[in-house]
Amino acid sequence: MEASGPVLRDIHLPAEPGWWPPAPGWWLLGVLLLAVVGWAWRHVLRRRAARRRRAAVLAEVQLLRTRWLRDGDTAQLAAGLSQFLRRLSRQVRPTSVALGGEDWLAFLARHGDAEALRALAQAAFRPGAALDADAACDAVCRHTERVLAREWRDV
């Protein structure tokens, strides 16, 4: 018997798809992964820089304390801590350099320890005034920590 139609050949399956180029979904996933890794790296670098800035700022207070322990000059300590507070507040609010008296103390009280800082502010202008130097240094450190935590995020 003779075939009455076209001659058919065997069916050949197509080749397996290669791994390259990936499907668009994999490209999107890769871009998303790179963005997350980039964001995380930037976050780590910013936190590290913030820790370094914080350490440098607090090191200045420790330097003033060390000088006071070496020299015993309470008036110099009070003046140095007051200047430090002025420079720190200028970073937070530049117009704070014009504050004086009760306005300055109210500005400092926004971060707590108002009484300890009041004694420091008074001792800075009265050379014979009594000042608990350790308490003043601790109050300035606490105040600095609060300022850095609350208001100095992007400086």
Side-chain angles (χ1 to χ4, degrees), residues 16-155:
E16 286 289 322
W19 65 274
W20 193 261
W26 287 109
W27 284 105
L28 185 62
L29 186 63
V31 168
L32 183 64
L33 181 66
L34 282 175
V36 168
V37 168
W39 175 84
W41 182 252
R42 181 174 175 253
H43 182 70
V44 165
L45 291 179
R46 288 184 76 184
R47 289 197 48 135
R48 185 182 299 163
R51 276 195 302 269
R52 279 196 307 262
R53 282 194 312 268
R54 179 184 164 277
V57 169
L58 291 175
E60 189 172 346
V61 176
Q62 293 305 321
L63 177 66
L64 290 170
R65 184 186 294 222
T66 304
R67 285 184 189 159
W68 171 74
L69 289 172
R70 185 185 65 220
D71 300 338
D73 190 358
T74 306
Q76 182 182 7
L77 174 69
L81 290 175
S82 292
Q83 290 172 359
F84 170 80
L85 286 174
R86 286 287 182 175
R87 285 194 315 275
L88 180 68
S89 66
R90 186 175 56 218
Q91 294 295 321
V92 173
R93 194 172 96 191
T95 59
S96 68
V97 294
L99 297 176
E102 290 301 317
D103 292 335
W104 170 244
L105 293 173
F107 178 76
L108 292 177
R110 288 179 24 195
H111 302 288
D113 296 336
E115 290 307 313
L117 295 175
R118 178 183 298 273
L120 174 64
Q122 292 172 352
F125 298 105
R126 294 185 187 146
L131 176 69
D132 184 359
D134 285 324
C137 288
D138 291 340
V140 169
C141 283
R142 283 191 305 273
H143 176 80
T144 302
E145 289 281 350
R146 289 183 184 125
V147 168
L148 293 176
R150 291 181 190 168
E151 298 187 21
W152 214 31
R153 297 185 202 285
D154 299 320
V155 175

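The nearest pair of heavy atoms linking H143 to L117 is ND1-CD1, 3.7 Å. Contact between V61 and C141 at its shortest, heavy atoms only, is CG1-SG, 3.4 Å. The heavy-atom pair separating V92 from V147 by the smallest distance is CG2-CG1, 3.4 Å. Nearest heavy atoms, S96 versus R90: OG-N, 3.6 Å. Closest approach of A78 and L131 over heavy atoms only: CB-CD2, 3.8 Å. Considering all non-hydrogen atoms of both residues, W68 and L77 come closest at CG-CD2, 3.7 Å.
Atom CZ of residue R53 and atom CZ of residue R46 lie 8.0 Å apart, to the nearest 0.5 angstrom. Between E145 atom CD and R54 atom CZ the span is 4.0 Å, to the nearest 0.5 Å. Rounding to the nearest 0.5 angstrom, the gap separating the CG atom in L148 from the CD atom in Q91 is 10.5 Å. Note that CG of L63 and CG of L58 are 12.5 Å apart. Values are rounded to the nearest 0.5 Å.
Between R67 and Q62, every side-chain heavy-atom pair lies at or beyond the 4.5 Å cut-off. For the pair D103 and F107, the minimum side-chain heavy-atom distance is 4.5 Å or more.
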C137 vs L64, test: side chain to side chain contact (heavy atoms under 4.5 Å, CB included). Steps then yes/no.
CA-CA 8 Å; C137 288; L64 290 170; 5.8 Å; no
Would you list the atom pairs, donor with acceptor, under 3.5 Å between side chains in residues 17-24 and any protein atom, with sequence neighbours excluded?
none

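Among residue pairs with one or both ends in residues 129-138, those qualifying as side-chain hydrogen bond (donor to acceptor under 3.5 Å, both in side chains) are R65-D138; sequence neighbours excluded.
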